[in-house]
Amino acid sequence: MITRMKTHCKDDTCPSCVVAGGFIFLAHHSGGHEKVDIEFQIRASLNALRKTLRSVNAELEDMVQLNLYLRNRADFDKARNVFPEYFTEQQYPVRTTLFTDFVNESCLCMLDGVAFKSE
């Protein structure tokens, strides 16, 4: 069974996540755009991701893959250093980091990924 959850970004063409069997495919998540501060925005993005996961009875530790998108290469270490606040050493998902522009000019980072929760 496939379940598409309601949008989280005011775009009805983009569900916040799609649950297919035990897999949870997460759309882009970001936040904290009121501050031009990568640590603030990465925390807001991880909190948004957590909120979506909880809406389908999952948690951050169920993440198996995480994609981190950054506007500025210089922000990589600061962004990466926030992850231990949200994941323990044995619970880190695999991660890919990409550098890109965003539609929202104040956005410094964005996350998406895949989680797995046994049915």
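Nothing here was measured: the structure is a model prediction, and the numbers come from that model.
- When all heavy atoms of Glu39 and Val82 are compared, the pair lying nearest together is CG-CG2, 4.1 Å.
- Using a 4.5 Å heavy-atom cutoff, the side chains of Leu49 and Lys51 are not in contact.
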Point to revise | Gln65 vs Asn67, side chain to side chain contact (heavy atoms under 4.5 Å, CB included): CA-CA, chis, key distance, verdict | key: CA-CA 7 Å; Gln65 178 185 6; Asn67 298 311; 3.5 Å; yes
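- One hydrophobic cluster holds both Met63 and Phe83 under the rule that ILVMFWY side chains link at heavy-atom gaps under 4.5 Å.
- Connection of Ile42 to Leu108 is established within a shared hydrophobic cluster, with ILVMFWY side chains joined at heavy-atom distances below 4.5 Å, either directly or through further cluster members.
- Leu111 is listed as a side-chain neighbour of Leu68, based on a closest heavy-atom distance under 4.5 Å.
- The CG atom of Asp112 sits 9.0 Å away from the CG atom of Leu98 when rounded to the nearest 0.5 Å.
- In this structure the side chain of Phe87 reaches within 4.5 angstrom of the side chain of Pro93, judged on heavy atoms.
- In this structure the side chain of Arg71 never reaches within 4.5 angstrom of the side chain of Thr100, judged on heavy atoms.
- Judged by distance alone, with hydrogens and angles left aside, the side-chain atoms of Arg50 form no donor-acceptor pair with the main-chain N or O of Glu59 at under 3.5 Å.
- One hydrophobic cluster, built from ILVMFWY side chains closer than 4.5 Å, cannot hold both Val94 and Met110; they sit in different ones.
- Tracing side-chain contacts under 4.5 Å through hydrophobic residues (I, L, V, M, F, W, Y), one reaches Leu26 starting from Leu66; they form part of the same cluster.
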Practice item. Evaluate the side chain to side chain contact (heavy atoms under 4.5 Å, CB included) criterion for residues Val19 and Ile2: first the C-alpha distance (whole Å), next the side-chain angles of each, then the deciding distance (0.1 Å), finally the verdict. Key: CA-CA 6 Å; Val19 180; Ile2 297 174; over 6 Å; no
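- Across all their heavy atoms, Cys109 and Cys107 have their closest contact at O-SG, 3.1 Å.
- In this structure, Phe40 is not a member of the same hydrophobic cluster as Leu46, with clusters built from ILVMFWY side-chain heavy atoms closer than 4.5 Å.
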Exercise for review: Verify salt bridge (charged side-chain N to carboxylate O under 4.0 Å, His left out) between Asp77 and Arg80, making sure each step is shown before the conclusion.
Suggested key: CA-CA 5 Å; Asp77 285 335; Arg80 183 187 61 196; 2.9 Å; yes
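- Looking at Tyr69 and Phe102, their side chains come closer than 4.5 Å, going by heavy atoms from C-beta outward.
- Nearest heavy-atom pair across Ala27 and His29 is O-ND1, 2.6 Å.
- Residues Pro84 and Asn81 approach most closely at CD-O, 3.4 Å, considering heavy atoms.
- With hydrogens and angles disregarded, no donor-acceptor distance shorter than 3.5 Å links the side chain of Glu61 to the backbone of Gln91.
- In this structure, the separation between OH on Tyr92 and OH on Tyr86 is 13.0 Å, given to the nearest 0.5 Å.
- Side-chain atoms of Gln41 come within 3.5 Å of backbone atoms of Ser106 as a donor-acceptor pair (strictly under, hydrogens ignored).
- In this structure, a donor-acceptor pair under 3.5 Å is present between the side chains of His33 and Asn104.
- The line from NZ of Lys78 to CG of Leu70 is 12.0 Å long, rounded to the nearest 0.5 Å.
- In this structure, the side chains of Val114 and Phe23 come closer than 4.5 Å at one or more pairs of heavy atoms.
- The two residues Ser30 and Ser45 come nearest to each other via the heavy atoms CA-OG, 3.2 Å.
- Side-chain atoms of Thr97 and Phe76, non-hydrogen and from C-beta on, do get closer than 4.5 Å to each other.
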